[in-house]
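Below you'll find the structure, written out as C-alpha cells, and then a few comments.
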Amino acid sequence: MSTLAIPAFNAFRLTQSTFCIIEHSDVYDEHPYIYLKFLNDSTVLILDTGCGGKTMKPDIALTSLREFIETVEIADNGGRPLNESGKKGYIVVLSHCHYDHILGIKDFTSDSQIIVSGHCPEFNSGSNLPEHSLCLSLGIETPEYTPTFVANRYTLQALDGNVNVLHTPGHTPDELALWDEGDHMLFVGDTLYEWSPIIFPSEGSLVAWFETVKTLLDLVEPYANAQISCGHVTAGRPAKEVLLGAKTFMEDVVRGTIKPERTFEKRGEENIYCIRGDQRFSLICPTRLVGEVRQRAKMEWGSA
Ligand SMILES: [Zn+2]
C-alpha cells in the first residue's frame, strides 16, 4: 500500500498553460477553484488560494496548497508536480478578500508578490479585513498579508500573451477579473458561476455587478472562442453564453419575473434566495441590493 499523503486538492489541465486546482473537501463546503498559470520559465501565477486545506476528512494529510503544487504528481502535467521542488517563483492574485480565497495565503506571504484590486484599497485594510473577509463572522483567524494594490488594466506579462487585471466590483468592491489574452480565458472569481447560488454579501452591489457584466461582455465579444472560469463550479465554459445567462437571470430577478423562494436574515439584514427553473442560476443577496437596481432603473427611465 502506498503511504503517500492524500491531498486536499486535485488538479486538471484547463489550457496549454493553465491548470484548475480544486480544494475538494473543505469544512466550509466552498470547494473553491484555484487557477495556476505558467507565465514564463521562472514564474507561476496563482489566482486565489482556497480555504487553507481545513477538512474533516481524516484521510487527507496534505493540506498545504504550495506543498500540493510543488510535490504532488499531476497526470495532466505528464505525471510531474505543477512546480516541481518550487523551482519557479510565484505571483499570487486574489480575486477578492473572502475567506475561501485567502485562507491559503500563508504559504506565499514570505516570498511572493500578492496582487489585489486597487479599486477600493480601504476595503482590504488591516482593520476592515476581518469583517470583509467574513473571517470575523465565521470566528476564524484572519490571515495577514501585504497586498500590492494594482490599477484597472494592470498587465502581467506572459510568454503566450499577457494577462490583464480588471477591476470588476459588484460581488465585493475589491472583486477583480483576469483576462488571459493568449488563451482568451476570462477568470471572474465570484462575480458569477453556474449551478450554485451567486452570493452577494452586505458589502456587494448589484448596480455595480450589472456594469461589470456589461464590461466583461464587451471584452469577450470579439472572441467567439472566449472561455470563462470562475471561483466555484464553472471552469472553461463559453464566456459569452455564461455571462449572458447570468445577466438575463439577474434581470428576471430585478423585474420580479423570478420571485424569491424564501427570505431570511443574514448578518443583520433580510436576504432573498432566488433560483431559475432549470437551477442553472441562483442567487442569495440582501433584498436591499435588488431595490437599489430598481431605484436606478426608475431614475433612468424617469430622465429618458
Ligand atoms: Zn466571495
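Counting starts at 1 for both ligands and their atoms, following the listed order. No hydrogens, no waters, no symmetry mates; every other heavy atom, side chains included, goes into these values.
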**Item:** Between H101 and D190: side-chain donor-acceptor atoms closer than 3.5 Å
**Value:** yes

**Item:** Under 3.5 Å donor-acceptor, S125 side chain and E122 backbone
**Value:** yes

**Request:** From the options T43, L156, T148, select the one residue that forms a side chain to side chain contact (heavy atoms under 4.5 Å, CB included) with Q113.
**Result:** T148

**Prompt:** When you look at NZ of K240, are more than 12 heavy atoms from neighbouring residues, nucleotides or ligands closer to it than 6.0 Å?
**Reply:** no

**Item:** Candidate list T142, L138, L136, test side chain to side chain contact (heavy atoms under 4.5 Å, CB included), partner Y99, passing option
**Value:** L138

**Fill in**
A correct count of protein N/O/S atoms found below 2.8 Å of the Zn ion (ligand 1) gives 4

**Request:** State which residues pass salt bridge (charged side-chain N to carboxylate O under 4.0 Å, His left out) with D111; sequence neighbours excluded, sorted by chain then number.
**Result:** R66

